[in-house]
Amino acid sequence: MNPLILFETKEKYINFEANRIKKSLIYCLRMYNERYVSSTYDETYDLVHYVLVSDIARYSEEIKKNTKIVLSLLSSEEDYKGRLLKKVRAKDEIEKYEYIVSKSDIELINKVDLVLTPSKKASEFLISQGVKTNIKEFMIPVRTSNFDLKNSVLKNAVYRYLSLPEDSIIGFATLHNEDYEGYQKIKELAISYPKIKFIAISHVNIFSGLSLKFKRLFKDKPSNLILTTPLNEDIYCSLLYNSKFFINVASSYGNDQASLEAMASKTQIFALKTSVFPDIVIDNETGYIYNDIDSLKKGFGLYLDGLLEDTTHKAYKFAKEVNLVNCGEKLIKIYKELLEE
């Protein structure tokens, strides 16, 4: 067994969620001293594991014929390249939108040998969209040790990087660069709680200018809301270590990678029902889930007033189970069974 996990470092924008998923897959294999390759130039591989649907077509001419293909989906929906879901107008609704998998992507997905999803609900969604290829549940692992920075010189790195006072109470979110509705919700939350610093991470290129929509959205941006491009791994781990809250108000689900990392860093999760798979972020167990932003804001206030219990201990236990040892064993078994078919 020698899987190919493509890992590119020269991207126009840092591929933050998808890259973390690739790293986790590689660490799973390293945990068991299994071989892998990361470039198509090394032709010793016997299967390919993609995390981007676009790579199926992109590398179709380079991949050896009759090679087994594995594809992980619905774990990196806030990544500008890792996203699968497409935003379309809802049927018979002028101002409402829904998120679907495009027909062209369904065709590509149905060409692979195996699709991996983070949960049963994710699998059911793909089937409802027309995916007919074999599907198995495999949750991408997290390394809880990444966020244990108590004795690390990197502990306070995020404060220096974002020029924040070290006594700041931090809440963070990750959002797709076209999720204007999600940004509006974070903005509302920041206005409602001015004493908390809210960090929104996105692939929006703030250095070469924002789009007209973003300029309008952030015209009256509160000073406690900070928009930043993807952070390098050390700064990101420091952010999670120091964050009190992870707020998931994304307009579509599939952001379970960030949710699991929040659990691993003992960061309290607040999410919208439409933003998470309910078998990963479980209401009143691994986080708090709300139907709309108004009820989320009220719940947020109740938590700050000590009227809601902390769920981080249960969430941390959940994340500890999704570790490199357990997931590595499962991943290797999945690969071997596929090669034996």
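- For the pair Asn146/Tyr241, no side-chain contact is recorded, criterion being any heavy-atom separation below 4.5 Å from C-beta on.
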How far apart are the C-alpha atoms of Ile69 and Leu47, what are their side-chain angles, what is the distance that settles it, and do they pass the side-chain contact (heavy atoms from CB on, under 4.5 Å) test?
CA-CA 6 Å; Ile69 305 293; Leu47 66 87; over 6 Å; no
Evaluate Val70 against Tyr50 for side-chain contact (heavy atoms from CB on, under 4.5 Å), listing each step before the verdict.
CA-CA 6 Å; Val70 181; Tyr50 292 127; over 6 Å; no
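- Using a 3.5 Å distance cut-off with no hydrogens or angles, the side chains of Ser123 and Thr117 do pair a donor with an acceptor.
- Judged as a side chain to side chain donor-acceptor pair (under 3.5 Å), the pairs with a partner in residues 269-291 (not counting sequence neighbours) are, in order, Ser119-Asp279.
- Side-chain polar atoms of Ser39 and Asp42 form no donor-acceptor pair below 3.5 angstrom.
- Within 6.0 Å of NZ in Lys244 there are 12 or fewer heavy atoms belonging to other residues, nucleotides or ligands.
- With salt bridges taken as basic N to acidic carboxylate O contacts below 4.0 Å, none links Glu98 and Lys87.
- Within the structure, every pair that satisfies the ring-ring contact (aromatic ring centres under 6.0 Å, His included) test and touches residues 112-152, not counting sequence neighbours, is listed here: Phe125-Tyr253.
- Residues that satisfy the side-chain hydrogen bond (donor to acceptor under 3.5 Å, both in side chains) test with Tyr303, not counting sequence neighbours, are Asp310.
- Taking the six-membered ring wherever Trp is involved, the centroid distance between the rings of Phe245 and Phe300 falls below 6.0 Å.
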The test is side chain to side chain donor-acceptor pair (under 3.5 Å); show your working for Tyr183 and Ser202 and say whether it passes.
CA-CA 10 Å; Tyr183 281 102; Ser202 173; 2.6 Å; yes
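- Between Phe270 and Phe246, the gap from one ring centroid to the other reaches at least 6.0 Å.
- Residue Lys320 qualifies as open at atom NZ: its count of foreign heavy atoms under 6.0 Å is 12 or below.
- Following chains of ILVMFWY side-chain contacts shorter than 4.5 Å, one can reach Leu85 starting from Val112, so the two form part of one hydrophobic cluster.
- Expressed to the nearest 0.5 Å, how far CD1 of Ile186 lies from CD1 of Ile293 amounts to 7.0 Å.
- Linking ILVMFWY side-chain heavy atoms closer than 4.5 Å, directly or via other members, places Ile199 and Ile191 in two distinct hydrophobic clusters.
- By the rule that hydrophobic residues join a cluster once side-chain heavy atoms approach within less than 4.5 Å of another member, Val131 and Val88 end up as members of separate clusters.
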Can you check side chain to side chain donor-acceptor pair (under 3.5 Å) on Glu62 and Thr40, steps first, answer last?
CA-CA 7 Å; Glu62 298 180 43; Thr40 57; 2.9 Å; yes
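- Linking ILVMFWY residues whenever their side-chain heavy atoms come closer than 4.5 Å, directly or via other members, leaves Ile282 and Ile269 in distinct clusters.
- Inspection of the Asp256 and Ser75 side chains reveals an N or O donor paired with an N or O acceptor under 3.5 Å.
- Residues satisfying the salt bridge (Lys or Arg N to Asp or Glu O under 4.0 Å) test with Glu77, not counting sequence neighbours, are Arg83.
- Side-chain atoms of Leu164 and Ile170, non-hydrogen and from C-beta on, do get closer than 4.5 Å to each other.
- Shown here is Lys103, whose NZ atom has no more than 12 heavy atoms of other residues, nucleotides or ligands within 6.0 Å.
- A heavy-atom distance below 4.5 Å is found between the side chains of Asn156 and Asn242.
- A heavy-atom distance below 4.5 Å is not found between the side chains of Asn134 and Val115.
- Residues passing the side-chain hydrogen bond (donor to acceptor under 3.5 Å, both in side chains) test with Asp113: none are found, sequence neighbours excluded.
- Closest non-hydrogen pair, Ala319 versus Val142, comes out as O-CG2, 3.9 Å.
- Taking CD of Glu34 as the start and CE of Met1 as the end, the distance is 3.5 Å to the nearest 0.5 Å.
- Within the 4.5 Å cutoff, side-chain heavy atoms of Leu304 are placed close to those of Ile196.
- The shortest side-chain heavy-atom distance between Leu114 and Leu71 does not fall under the 4.5 Å cut-off.
- No more than 12 heavy atoms of other residues, nucleotides or ligands lie within 6.0 Å of CD in Glu309, so this atom counts as exposed by the packing criterion.
- A cation-pi arrangement, defined by a distance under 6.0 Å to the six-membered ring centre and an angle within 45 degrees of its axis, is absent between Arg30 and Tyr36.
- Other residues, nucleotides and ligands contribute only 12 or fewer heavy atoms inside 6.0 Å of the NZ atom of Lys121.
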List the atom pairs, donor and acceptor, that lie under 3.5 Å between side-chain atoms in residues 328-341 and the rest of the protein, sequence neighbours left out.
{"residue": "Lys330", "atom": "NZ", "partner": "Glu137", "partner atom": "O", "Å": "2.8"}
{"residue": "Tyr335", "atom": "OH", "partner": "His49", "partner atom": "ND1", "Å": "2.6"}
{"residue": "Glu337", "atom": "OE1", "partner": "Lys136", "partner atom": "NZ", "Å": "3.1"}

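- Hydrophobic cluster membership differs between Leu240 and Leu154, with clusters built from Ile, Leu, Val, Met, Phe, Trp and Tyr side chains linked at under 4.5 angstrom.
- With respect to Asp105 and Lys86, a salt bridge is recorded, a charged nitrogen being found less than 4.0 Å from a carboxylate O.
- A donor-acceptor pair shorter than 3.5 Å cannot be found between the side chains of Thr174 and Glu78.
- You'll find the side chain of Ile280 reaches within 4.5 Å of the side chain of Met263, heavy atoms only.
- Contact of the Cys28 side chain with the Leu324 side chain is registered, since non-hydrogen atoms from C-beta on lie closer than 4.5 Å.
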